[in-house]
Amino acid sequence: MQRKDNMSWAIGLFEGEGNIYRNDKTRMFIMSIHMKDEDIIKRFANVVGFGRVFKRKPYLNYAPMWEWRLTRTND
């Protein structure tokens with residue numbers, strides 16, 4: 001039951017915060033979520049089991065952002 005609850009949480013997070021776009025240079029679709037909360041991004045990556053998490057450089061005086069990104073077709 002907990003796995004189902006975690007996956008439901010991850011789906012809801014992606015629906016609210018995630019995005020899917022196409023890189024015109026590589027013609028690949030990319031899925032991503034980015035936010036300030038490192039723990040939430042890492043939990044999401046752990047629940048779904050694929051993709052990469054990395055820290056984005058802060059812009060000017062803004063707080064650093066964390067991003068989960070999926071670019072590999074096999075995933």
Side-chain angles (χ1 to χ4, degrees):
M1 184 66 168
Q2 186 176 0
R3 173 77 176 145
K4 184 178 177 182
D5 290 344
N6 284 338
M7 192 56 74
S8 295
W9 170 84
I11 290 167
L13 182 67
F14 189 82
E15 182 180 4
E17 301 293 331
N19 61 67
I20 301 172
Y21 60 95
R22 182 176 167 216
N23 182 325
D24 290 333
K25 290 182 181 180
T26 63
R27 305 184 103 186
M28 291 181 63
F29 284 96
I30 298 169
M31 298 174 71
S32 70
I33 299 177
H34 59 274
M35 62 178 50
K36 296 176 187 175
D37 301 314
E38 176 185 6
D39 59 329
I40 299 296
I41 292 294
K42 287 185 175 181
R43 178 180 173 202
F44 179 86
N46 187 39
V47 169
V48 297
F50 47 78
R52 295 183 312 146
V53 173
F54 57 94
K55 187 175 182 180
R56 297 175 67 176
K57 291 182 182 179
Y59 179 73
L60 298 175
N61 292 329
Y62 293 103
M65 298 289 282
W66 289 87
E67 182 172 2
W68 169 86
R69 185 183 293 177
L70 177 64
T71 56
R72 295 188 325 179
T73 309
N74 291 342
D75 288 341

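What you see is a predicted model; the values in this text were computed from it and never measured.
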When you compare the side chain of [Y] with that of [X], does any pair of heavy atoms fall below 4.5 Å?
| X | Y | value |
| --- | --- | --- |
| M31 | F29 | no |
| H34 | N19 | yes |
| W68 | I40 | no |
| M65 | K55 | no |
| M35 | L13 | yes |

Can you name the closest pair of heavy atoms from [X] and [Y] and give their distance?
| X | Y | result |
| --- | --- | --- |
| A45 | V53 | CB-CG2, 3.5 Å |
| K36 | W66 | O-CD1, 3.7 Å |
| V47 | A10 | CG1-CB, 3.8 Å |

With rounding to the nearest 0.5 Å, note down the distance linking [atom1] in [X] to [atom2] in [Y].
| X | Y | atom1 | atom2 | answer |
| --- | --- | --- | --- | --- |
| F44 | N6 | CZ | CG | 12.0 Å |
| M28 | Y21 | CE | OH | 10.5 Å |
| I20 | I30 | CD1 | CD1 | 11.5 Å |

Do I11 and L70 share a hydrophobic cluster, counting only Ile, Leu, Val, Met, Phe, Trp and Tyr and linking them when any side-chain heavy atoms are less than 4.5 Å apart?
yes
Is F54 reachable from I41 through a run of hydrophobic residues whose side-chain heavy atoms are each under 4.5 Å from the next?
no
Near R22 CZ, under 6.0 Å, is it more than 12 heavy atoms from other residues, nucleotides or ligands?
yes
If you count the non-hydrogen atoms of other residues, nucleotides and ligands that lie under 6.0 Å from CD in E67, is the total more than 12?
yes
Without swapping roles, check the side chain of D37 against the backbone of D39 for a donor-acceptor pair under 3.5 Å.
no
